[in-house]
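I have placed the structure first, in the form of structure tokens, so that the comments after it can refer back to it.
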Amino acid sequence: MADPVTIGVLALQGDVREHIAALESVGARAVPVRRASELDAVEALVIPGGESTAMWRLATAFDMFEPVRKRLADGMPAYGSCAGMIMLADRVLDAVAGQETFGGLDITVRRNAFGRQVDSFEEPIAFEGIDRELRAVFIRAPWVEEIGDGGPADGGVQVLARVTAGPGAGRIVAVRQGVLMATSFHPELTGDNRVHGFFADLVRAAR
Ligand code: GLN
């Protein structure tokens with residue numbers, strides 16, 4: 001195989017190990033990123049699932065907020081799952097007071113969108129660019145309430161997946177915009193690493 005891609009996993013909070021294992025299983029070199037010097041050494045970043053409010057506070061406390069923002073602004077590929085999707089969104093509904101995100105994706109997400117009754121659930125979903133359905137695991141997940149104007153051809157957001165059943169039927173749960181992608185669900189928890197493979201391909205193509 002060609003030179004493996006080096007992908008960092010933001011390791012302030014959340015399910016970091018699961019993402020590292022999933023990335024390694026698709027042939028990427030995966031490393032935890034806790035400080036700016038570690039961020040400098042990776043060509044792409046995964047922002048894990050966890051809790052976006054904690055991630056925001058820790059990123060600020062560990063002086064990682066601006067460095068990550070700057071790398072994203074400079075075109076670093078990134079993939080966020082669940083809380084990571086929130087961290088990559090330009091706009092957040094039901095955020096806590098003062099909550100900030102790295103931004104980059106022209107989307108509005110709603111935190112904990114599926115409601116308390118459905119804290120977590122699984123659903124098979126179709127994912128644009130991946131052959132067979134995925135088993136998607138949602139845990140206090142956000143959904144994408146709105147995407148910005150302008151289609152993928154104009155640099156806008158491409159919808160990769162929607163939920164088909166239940167209270168969120170029709171809601172957008174996976175998107176891509178250029179070198180950025182995000183899912184409301186957690187492919188790192190299922191042992192099916194096709195979404196990570198999709199991201200590794202995207203990182204390779206962005207070289
Ligand atoms: N509800 C969490 C948040 O707002 C996300 C949950 C998750 O990542 N599983 O950050």
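Counting starts at 1 for both ligands and their atoms, following the listed order. Quick note: numbers below take in every heavy atom, side chains included, and nothing from hydrogens, waters or symmetry partners.
- Here the two rings, on Phe138 and His186, have centers that are 6.0 Å apart or farther.
- Every atom of ligand 1 with a heavy atom of Ile86 under 4.0 Å away is listed here by number and element: 3 (C), 4 (O), 10 (O).
- Comparing Asn112, Val109, Val137 against atom 1 (N) of ligand 1, the shortest heavy-atom distance belongs to Asn112.
- Closest to atom 2 (C) of ligand 1 among all protein heavy atoms lies Glu51 OE1, 3.5 Å.
- For a threshold of 3.5 Å applied to N or O pairs, the pair formed by Ser52 and ligand 1 contains at least one separation below that value.
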Dump the intermediate steps for ring pair (Phe, Tyr, Trp, His ring centres under 6.0 Å) on Phe198 and Phe127, then the final yes or no. CA-CA 10 Å; Phe198 185 96; Phe127 192 103; 5.5 Å; yes
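- Checked by distance only, ligand 1 and Cys82 stay at 3.5 Å or farther apart across all their nitrogen or oxygen atoms.
- Scanning all heavy atoms of the two residues, the minimum distance from Val42 to Arg71 falls at O-NH2, 3.0 Å.
- Not one N or O of Gly49 is nearer than 3.5 Å to an N or O of ligand 1, by distance alone.
- Relative orientation of the Phe65 and Phe102 rings is tilted, given thresholds of 30° and 60° on the angle between their planes.
- For Met55, the heavy-atom gap to ligand 1 stays at 4.0 angstrom or more.
- For CG of Asp131, the number of neighbouring non-hydrogen atoms (other residues, nucleotides, ligands) closer than 6.0 Å is 12 at most.
- Counting the atoms of ligand 1 from 1 in the order shown, those under 4.0 Å from a heavy atom of Arg140 are 1 (N), 2 (C), 5 (C), 6 (C).
- Side-chain contact annotation: Thr190 with Arg135, donor-acceptor N/O pair under 3.5 Å absent.
- The part of Arg111 lying near ligand 1 is the side chain, judged by heavy-atom distances below 4.0 Å.
- In this structure, Phe114 and Trp143 have perpendicular ring planes: the angle between them is above 60°, well past the 30° mark.
- If you check which protein heavy atom lies closest to atom 5 (C) of ligand 1, you get Gly50 O, 3.4 Å.
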